[in-house]
Structure formats: C-alpha cells, structure tokens
Amino acid sequence: MASSIENNNEKLTLKSSDGEEFLVEKHVALQSTLLQNMLDSDCSSADVIPLPKIDARTLALVLGYCKKHADASSSKQGELNSFDSEFLKDMDMGALFNLVLAANFMEIKGLLDIAAQKIADTIKDKPHQEVREIFHVENDYTPEEEAAVREENRWAFEGFP
Amino acid sequence: MSRERKISNFHTTAVDRISECPDSVLSHILSLLPIKDAVKTEVLSKRWQFLFHFHSSYPMCDDSDEEGTGNFVTFVVKTLFFFLTVPNSRNSGLISDTSRASLRISLSRISGDFWLSRGNCRFMDLSSLVDAVFNCNLVCYGGDRALENEWIQHTVGELLANLAHVKNLALGTLVIEVLAIMEAKGLSSPLLKCKCLTLHTHINKRVLLGIGSTLKGMPNLETLAMTLSLSSAELFDVELEELCSSNEEQYWTAQKWTYKCLTLHLKNVKIAGSWWCCDSNFLAFIQLLLRNARVLQKMAINNPNDYRLEDYFQAAQKLLRFPRSSPDAEVVFCYTLFADKTGTTVSVQFLTLLEDLGRVRDYAWGVGGLGHLYRQLGQASRRNCKQLSGYTSLLEGPSLHGGPTTGSTLVVALGDYHGDHLPLPWDVDDLRPSQVIFDPYTDRRQVVADVVFYTGCIRAMAVLEPYLPDRVLRQFNMVQLVPGPPVSLHPVEVPYTESAEERNAAALAILDNVLGGTRATTSTCPYELRQALVEVQRTLRGPEAAEVSIAGPSSDRYSSGYTRCRRRDRT
C-alpha cells in the first residue's frame, strides 16, 4: 500500500449512499482529511470506499470542488476564489445543507468554510422570525419562554421586533 | 467520474435542515456571524438556545455596574462559564481557546436559575494553562440559597482541581471562603503545582482556614503575594459563622501542621493593598510565616492608603520582633517618599536620583523631606485645598521640646543609624509624651543649632522654599530680634515656555536678580546655596561666559526646575 500512496495516478472508488460509484484520482481524494487519514492508516484495503451519508448528487458536487482545488496550484488563488463564489451561487438551501454535511463528514475545510459562510450570510442582519422561515425552524418555545430567553440577552435584540 | 452539475432538481421541502446539522457545524456557522446575530439565534428554537455559547470571538470585558454594559457582561460571563463547563470537547476551536497561556475566570452577577440549570458539569481539560485568575465575586439572587451555595462550592472546588498545573494563580475571597468551608468539613484543598500565588482577600477569621488550606495544597509555592482589601463576598456568612471557631488569634499558633511550602520553597512574600489594617489576625499570619518559612529571603510590606503612619510603624515594630527561622530573611517596609496628595504617586523628577542606587544613602534626605513638607504646607494653605501630604509628624517634632522632665524619663537620642531593627530594646508603646525628652544629635549639637536656626531658602531639586525661623525665634525660647527683610522668590515675572532657550534665559534673569547683591535674599543666602546658584548661572551662560563648562542637559534640568517652580507659585 505504501507504494500506491506514492503513485499519484492511482484511482480510488467512492461509493455514495444511493449506490453510485465514483472513480477519483488519488490527489483529488486527498483534499478530504477523512480520506487522507483512511489512506494513511491503510483502512482502504477494500477497493471501494463507502460514504454512506452522502448521496450521489452531493458527492458529485464535492468531488467537483476537490478536483478544481487539487488541480489548480496555489498560484492561481484568484481563479480559485472566483470558482468558489460561482460554485455556491444559485444553490438552494437543501443542496447547500447536503453539501455542508458532506464537507463536514469528509473533513474538507475549504468547502465547509465557504458553505458555512453562505449560510451565515443568510442569517446575518435578519430578524429571527425571517430566519425561522428561511430554514423552516419550528419554534418549540412557549411565548413565555421565548420572552424570557429574549430578556436574558436584551442587548442583542435592540433594533429588532 | 460523474461530473453532473444539475442541482435544480433538488426539491425544497419544509424540512428543518439546519437544525439537523451537528453542533460543530452550527457553531462553525455561528462563529462566522457577528456576536449580536449569533446571540439572536437563541430564540429560534430550544435546539439553538445554548449554541451561540460556542462563539469563539466574544469579547472579554471587566465587570462594571453601569446599566448599559451590565447585561452584556452577564452574557459574556455566562458564555465563558458555559464554555468552561461543556461536557466534552466537540469543537477544536474551543480547545485552542482554552489552551491560551492565560485565562481569567471572573464570575459575577449570575442569576440563581442559571446556576441551578447547569446542574452537574464536567470541566474541560485546562492542563495547559499557565496563568489563571480565579476571582469569583458572586452575587446570587433567587432560588434556594442553601442548594445554590452547595453547588457553588462544588463548582469552585472542581474548577480549582482543574487548575492543578497552573504556575501563576490568583484567588479571590470567595474561593478562599469555599476552601475554608471545605477545610472545616474535613476536605483538604486539591493539590496544586502553583509556584506564584496571589490572594485578593482580607485576613479575618472567615478566611483563615481557607488560607491555611491553600498553603497546604501548594507544596511548591515560591512567591506569595497578598492584595489585601476589606471586600467580602458575604455569600457564606451563615456557614462560616457556624464552622469557624471564635479563637481566631490562636488559630495559627495552635496549628500543628507543618506547611511543606514554608519549610522548603517559599522565598518571597509581598503584601500590598488599598485598604487594610495591621490587626491581630494579620500579625498572627505574618508571625506564622516568619516562624516557619525556613528559606524566606524577602518580605515586603506596603503601607496601606489612608492608614495612620503611627499605627503602621507600631505594627512594624511588633512585626520586627517576631522570631524568624530563615537566617537570610529580610523584612522591608515600603513607604512612598515625597508622595503627592494621592499618597501613592510621586513626581517623575525623583527618578534621576535613583540612577545610581549606591549613592542614594549619601543624599541629604533630611533637607529633601523638609523642603517637600514646606512645599506641601504652602500648597495646603491655598483656597479650596483640603488635604496635606507628606509626613506631618515631622511638624509636631518641636512640640516635644518643652515637655516636663520629671519622673522616669526616656531620653531619645537619634544619630546615624542603619539597619532593620529600631535600637529600642524596651517597649516604647507604654511611654507617655511627658516621659520623653526629645534630645537628638547631642554629639553634634553645635552643628544642629547652625542648621536649625539657619535662615534662608531650602532647596531640594526643583523645590525652593523659604525657611525663616528668625521670624519666630520666641517659639524656640530664644530672644526675638528684629528679623531681616522677607526673602523674595519672585524677582521677575517669567511666563512658562516650552522652548529650552527661553527657559534658560528666564532662569538666568532670576539668578542675576538673586545673586546681584541688591536684594535681601543674598544677605541671608548661605554660602553653599550661593555657590550652587553661581554654578547654575555659569552653566546657563554657556561655555563662552563660563570658565568651567558643564554639559547641556543638566543646565536644562536646572532651568526648567526653576521656571516650573515659579509657575506653580503664581497659580
């Protein structure tokens, strides 16, 4: 296995939750800390690495991101930045959360950062009622409880209804 | 590899996706938000209530009573507490935060509900901390008091046990009181590796047990600093009253326990504080330290503010008589010389005097002290002035002269003396003023008469004050002659300027006037002062006028001193 790590052209097979298999080059897979750890510790002696938490569409997106970042050298930082901002543009919330969870699971820091930033931007400067609506968060506070919680950190709610 | 990029066919359902995310992801998202937005998320649902506590960038701020910041402070404190008590280390960001070199744990104004709601919690690993300030000042309200206190005791004890590896530790009154309660219940303090301990507390019977317990728990202690104050948490009043025995003064002497830190390591003790008093508890504690600390090198005790100097000196005398087990121990009483009315701050001009510490002993401290005192007297006589700084006991000195000399009397003869111990083997405290003849400098009486009845100006650095005993000779039981004309220190009006040249010129004008011989000043001016003034004059004139040229900076210092003294006198 040690020899195979040195070989950049070796391919790995990743299997999504819905059974679809993806063949990726090793240096692309190394973008993921999870996969890197698995390869380092020889856990991947099996031919196929199953990723039971990630569906095929999300995995395709993730691998697209990884490939772009693995191929581009660090000198093309500007190009990567524009790719990152394009990457998440027009993505709906469901896909975004799948992506965040996948990035979190596979430990891809860059992807997690940009996706989390996008979600944070959505929350920012909005009243909490609107945030609840956007993310379909069900309010399980009783009105009294909610008032108490708000009262506790009144300073944060100044200027919001 | 499939490169399919179609994302539009994801259909958005009304499923709460965000709340399904693990805590680490959510806290990551929250950490990207401004603190205000992050806190607002607590009302989204119960799932979110404590998430924002993971925010890594909350600002630290000191607790304050101001209404506006109060709420925010409470928030920060709670957050910090939560952050210390999270059940496990889920977020790597948090761990890096706790492993910072120092940590300040200052808990205050925490409502009872919060404390109770937290219940039992485990603390995070704090083993990499080096400095910690653990200064609880709790004010709890609401809830069951007994239960609450128990919980606080539990928490403080637990947290202290987690600070075992901290090198520099500072503890507040509440922590010590908790330790006292634990000690009284038979639980000893957790064993700490602390080397430098700072206690922010007061010494009374409520904390004696706690301090004893702390010392027992720190076998490696090398430096003990105490910042004494009168503050009290008043949280465990009831418990402590019950537990602590009433013979607090005998507490230390009754101790059979040998403190490992005292016998092996303790080298430095510093005692300071804004308000404290040298009462019996304090003295008993110092006695214990001196008696048991075998390797003690230095104990420095600062004069407390607003404390009568006489009492301080009395305590100092008692203290110096305590037996010491360390041969090298040196006890230093600190007092601020030439302080202004704050009692602690000193003019920066005295800094130059300390450039060469070897020479400090040779300075004419007497003249300096007298000059300073006269300056302060002059300032205190002004309108709206309510305070006098300086050692006013010096002014009372002459009143001892005329006391009756019958009965058993003590002749106090002061001469040159250096050393720690006062040269008085008997107990001065019991003497009455009538039994004392103040008869200093007998061997040099002639010189003293010359000094005491010298008339003219006293100069010490920038201070130049008239000293005219010839006008009040009757008060010294001497024949009052017609006094000479008053000394004029205001021969020329000079405005204060920033430019050194102008200041030099102004100072020169004053000096010319003083030394010109037409004024009365010169007749009463002693030879040495006159010589000094001539020297200054020469320096200011510059090399072309003076035969001896002296370096520039000193001339600037002289002249600025003179002009500044002028300016003050006019205001």
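Protein chains get the first letters and strands the later ones, always in sequence-line order, with residue 1 at the start of each. Heavy-atom basis, side chains included; hydrogens, waters and symmetry copies ignored.
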Discussion item. According to side-chain hydrogen bond (donor to acceptor under 3.5 Å, both in side chains), does anything in residues 101-111 of chain A pair up with another residue at least two apart or in another chain? List the pairs.
Written reply: A/K109-A/D113

Discussion item. Within the 4.5 Å heavy-atom criterion, are B/L44 and A/V131 side-chain neighbours or not?
Written reply: yes

Fill in: Qualifying salt bridge (charged side-chain N to carboxylate O under 4.0 Å, His left out) pairs, either residue in residues 128-142 of chain A, two or more places apart
A/R132-A/E146

Discussion item. Does anything in residues 116-123 of chain A reach chain B? List residues with heavy atoms under 4.5 Å apart, or say none.
Written reply: A/A116, A/Q117, A/I119, A/A120, A/I123

Worksheet entry | Qualifying ring-ring contact (aromatic ring centres under 6.0 Å, His included) pairs with a residue from residues 96-119 of chain A, counting only residues at least two apart or across chains | A/F97-A/F135

